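What you see is a predicted model; the values in this text were computed from it and never measured. Just so you know, residue 1 is the first one in the sequence shown, and it goes up from there.
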Amino acid sequence: MLTLIAAASLGAWVYLVLFHGFFWRADQRLPAETKAPERWPDIAAVIPARDEAPVIGGAVESLLKQDYPGALRVILVDDASQDGTADAARAAASRLGAGERLSMVSAPPLPPGWSGKLWAVHNGLAAVPAECRYVLLTDADIAHAPDALKRLVAKAETGFDLVSLMVKLHCESFAERLLIPAFVFFFQKLYPFPWVNDREISTAGAAGGCMLVRRAALERAGGIAAVKDALIDDCALAAALKKNGAIWLGLAEESTSVRRYPRIGDVWQMVARTAYTQLRHSPLLVFGTALGMSLLYLVPPLAMVLCPFAGAWLAAAMGAAAFAHMLLAYRPTWELYRGDDPALVLLPLAGLLYAAMTVDSALRHFRGKGGAWKGRTYAKPAKPRPGAR
């Protein structure tokens, strides 16, 4: 039995490394050199923000300082902030002498059936000038590299309706070092970037912090209203756009998120908010995910360490081979974040924590607390059993 379990783990890793879209290479990047289009199109950047005063200034400044040859406007949608978010954004624009390029929109009260972020984006898009060919949908915590927009537009002008970058996430605290590279690795495993970028494959994904969208394509897809209640809104929008066009997703090195996750609980909250949604609110998929994560991340180190004591040397060898495949797959993403830090061997611990977050996400849903974010809860409470009060 030990040998069969270890063999299953090794077989799963061999499949992932060789046949799952080569997701682990982490090599999908925008080219450094850009070919200029005949005319650089007008762009509007839309930032939904709810109580983001500590970070919004940096995001606004990074956009207003873009080395972009065309016209760029920034539209901040203040979603009922109570901490002076709008004032912080205005101050940032004023420091650069670019106040005229920043527009402020106040999101109306949230109607039923919408998530707060998407309602804010919807209202921001209504303020985009008609001449803008693209809109950049970005978050309040993103500091864009000076040439980011130029490179995004150059890629989109080659025939893409959506060009998205997973920006480099903050990775300094112990919790971040343990969990953030693993988060990016798992995201690539769920949405292999080469498959996303292949026009012939239906897999669709995006990273909500940085999405350049062709406006005409967005309108053909039904606008933001088409995904108005999606908690994983970036991937939902990518799926809607890929039905009628091409999309591209890659990794960024110089555009970064300044949002910090100092404790494991901070990452836990982020993941538990949407994990059950990712699994289509299916208890069966939660069970399968927990079982699969255990097979992939728990079995290899346990087999390698414990099976020799039971004399199961073949199982131990298979566990060691599975562990080697795991680290081989993880290393490119790890190097993007942590270089030669030997703590990459802690991936099994990160995997088990993410499995626990997924189970907790389901439990929150059944307690009526699913999707909770900044004072809003989107998941419906579980239905009471017949006869329950």
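- Looking at Ile180 and His170, their side chains never come closer than 4.5 Å, going by heavy atoms from C-beta outward.
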- Message: Assess the residue pair Asp147 and Lys150 against the criterion (salt bridge (charged side-chain N to carboxylate O under 4.0 Å, His left out)); give the C-alpha distance rounded to whole Å, side-chain angles, the decisive distance to 0.1 Å, and a yes or no.
- Response: CA-CA 5 Å; Asp147 64 344; Lys150 184 191 296 184; over 6 Å; no
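- The list of salt bridge (Lys or Arg N to Asp or Glu O under 4.0 Å) pairs with a residue in residues 83-95, not counting sequence neighbours, reads Glu61-Arg95, Asp87-Arg90.
- The nearest pair of heavy atoms linking Thr85 to Glu52 is OG1-N, 2.8 Å.
- With values rounded to the nearest 0.5 angstrom, Asp51 atom CG is found 11.5 Å from Ile56 atom CD1.
- For the pair Glu172 and Arg260, the salt-bridge criterion is not met [side-chain N within less than 4.0 Å of a carboxylate O].
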- Message: Walk me through whether Leu218 and Leu125 qualify under side-chain contact (heavy atoms from CB on, under 4.5 Å).
- Response: CA-CA 11 Å; Leu218 180 59; Leu125 289 172; 3.7 Å; yes
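- A heavy-atom distance below 4.5 Å is not found between the side chains of Trp313 and Cys307.
- One distance of note links OG of Ser115 with NE2 of His122; it measures 12.0 Å at 0.5 Å rounding.
- Scored by the ring-ring contact (aromatic ring centres under 6.0 Å, His included) test, Trp24 finds no partners at all (sequence neighbours excluded).
- The backbone N or O of Ala145 sits nowhere less than 3.5 Å from a side-chain atom of Glu254 that would complete a donor-acceptor pair.
- Using a 4.5 Å heavy-atom cutoff, the side chains of Lys243 and Ser202 are not in contact.
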- Message: Assess the residue pair Asp139 and Lys117 against the criterion (side-chain contact (heavy atoms from CB on, under 4.5 Å)); give the C-alpha distance rounded to whole Å, side-chain angles, the decisive distance to 0.1 Å, and a yes or no.
- Response: CA-CA 10 Å; Asp139 288 341; Lys117 177 182 177 180; 3.2 Å; yes
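- In this structure, Lys168 contributes its side chain and Leu336 its backbone to a donor-acceptor pair below 3.5 Å.
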- Task: I would like to know whether Ile43 and Val153 meet side-chain contact (heavy atoms from CB on, under 4.5 Å); could you show each step before the answer?
- Result: CA-CA 9 Å; Ile43 308 293; Val153 170; 3.9 Å; yes
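- Not counting sequence neighbours, the partners of Phe23 by the ring-ring contact (aromatic ring centres under 6.0 Å, His included) test are His20, Phe185.
- Remark: the backbone N or O of Glu100 is paired with a side-chain donor or acceptor of Arg73 at under 3.5 angstrom.
- Atom CH2 of Trp13 sits about 10.0 Å away from atom CG of Leu295, to the nearest 0.5 Å.
- A donor-acceptor pair is defined here as one N or O able to donate and one able to accept, closer than 3.5 Å; no such pair exists between the side chain of Ser81 and the backbone of Gly84.
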- Task: Check step by step if side-chain contact (heavy atoms from CB on, under 4.5 Å) holds for Leu136 and Leu212.
- Result: CA-CA 4 Å; Leu136 177 68; Leu212 184 74; 4.2 Å; yes
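- Defined by atom type and a distance below 3.5 Å, a donor-acceptor pair is missing between the side-chain atoms of Trp114 and Asp229.
- From Met357, atom CE reaches atom CE of Met270 across 7.5 Å, with rounding to the nearest 0.5 Å.
- Note that CD of Glu219 and CD1 of Ile224 are 11.0 Å apart. Values are rounded to the nearest 0.5 Å.
- In terms of heavy-atom proximity, Leu251 sits nearest to Leu165 at O-CD2, 3.9 Å.
- In this structure, Glu253 and Arg29 have side chains that are in contact, with non-hydrogen atoms separated by less than 4.5 Å.
- Inter-residue side-chain proximity for Val196 and Ile201 is flagged as unmet; no heavy-atom pair is nearer than 4.5 Å.
- The closest donor-acceptor contact from the side chain of Thr358 to the backbone of Tyr276 lies at 3.5 Å or more, if one exists at all.
- In this structure Phe187 satisfies the ring-ring contact (aromatic ring centres under 6.0 Å, His included) test together with Tyr191, sequence neighbours excluded.
- Listed by first then second residue, pairs satisfying salt bridge (Lys or Arg N to Asp or Glu O under 4.0 Å) with a partner in residues 189-204 number zero, not counting sequence neighbours.
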- Task: Show your reasoning for whether salt bridge (charged side-chain N to carboxylate O under 4.0 Å, His left out) applies to Asp42 and Arg133.
- Result: CA-CA 6 Å; Asp42 292 354; Arg133 186 185 307 170; over 6 Å; no
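- Closest heavy-atom contact between Tyr337 and Leu169: OH-N, 3.0 Å.
- Contact check for Pro300 versus Met326: side-chain heavy atoms found under the 4.5 Å cut-off.
- A distance of 8.0 Å separates CG in Leu162 from CG in Leu249, rounded to the nearest 0.5 Å.
- Summarising the hydrophobic clusters (Ile, Leu, Val, Met, Phe, Trp, Tyr; side-chain heavy atoms under 4.5 Å, direct or chained), the residues clustered with Phe287 are Leu291.
- Under the rule for a side chain to side chain donor-acceptor pair (under 3.5 Å), the partners of Tyr134 that lie at least two apart in sequence or sit in another chain are Glu157, Arg214.
- Counting only residues at least two apart or on different chains, the ring pair (Phe, Tyr, Trp, His ring centres under 6.0 Å) pairs with a member in residues 38-81 are Trp40-Tyr68.
- For Ser62, the side chain to side chain donor-acceptor pair (under 3.5 Å) criterion is met by no residue, not counting sequence neighbours.
- At distances below 3.5 Å, at least one donor-acceptor pair connects side-chain atoms of Ser173 with backbone N or O atoms of Glu176.
- In terms of heavy atoms, Ala80 sits closest to Arg50 at CB-NH1, 3.8 Å.
- Listed here is the closest heavy atom pair of Ala6 and Gly319: CB-N, 4.3 Å.
- Using bins of under 30°, 30° to 60° and over 60° for the plane-to-plane angle, the ring pair Tyr354/Phe186 lands in the perpendicular bin.
- Looking only at distances, a side-chain donor or acceptor of Ser164 sits under 3.5 Å from a matching main-chain atom of Cys210.
- Between Lys242 and Asp161 there is no side-chain heavy-atom pair separated by less than 4.5 Å.
- In the hydrophobic clustering, where aliphatic and aromatic side chains (Ile, Leu, Val, Met, Phe, Trp, Tyr) are joined below 4.5 Å either directly or transitively, Val55 groups with Val258.
- Taking each heavy atom of Ala221 and Ala240 in turn, the nearest pair found is CB-O, 4.1 Å.
- Judged purely by atom type and a 3.5 angstrom limit, Thr158 uses its side chain to pair as donor or acceptor with the backbone of Lys155.
- Surrounding CD of Glu131 are more than 12 heavy atoms belonging to other residues, nucleotides or ligands, all under 6.0 Å away.
- Taken together through direct or relayed side-chain contacts under 4.5 Å among Ile, Leu, Val, Met, Phe, Trp and Tyr, Val77 and Ile142 form part of one hydrophobic cluster.
- In this structure, the side chain of Asp266 engages the main chain of Arg263 through a donor-acceptor pair within 3.5 Å.
- Side-chain heavy-atom separations under 4.5 angstrom define the hydrophobic clusters, and the remaining members of the one that includes Leu298 are Leu302, Val305, Leu306, Leu352.
- One N or O on the side chain of Thr138 and one on the backbone of Gly209 form a donor-acceptor pair closer than 3.5 Å.
- Residues satisfying the side-chain contact (heavy atoms from CB on, under 4.5 Å) test with Asp341, not counting sequence neighbours, are Arg177, Trp334, Arg338, Ala343.
- Under the 4.5 Å side-chain criterion, counting only non-hydrogen atoms from C-beta, Ile47 is not in contact with Ile75.
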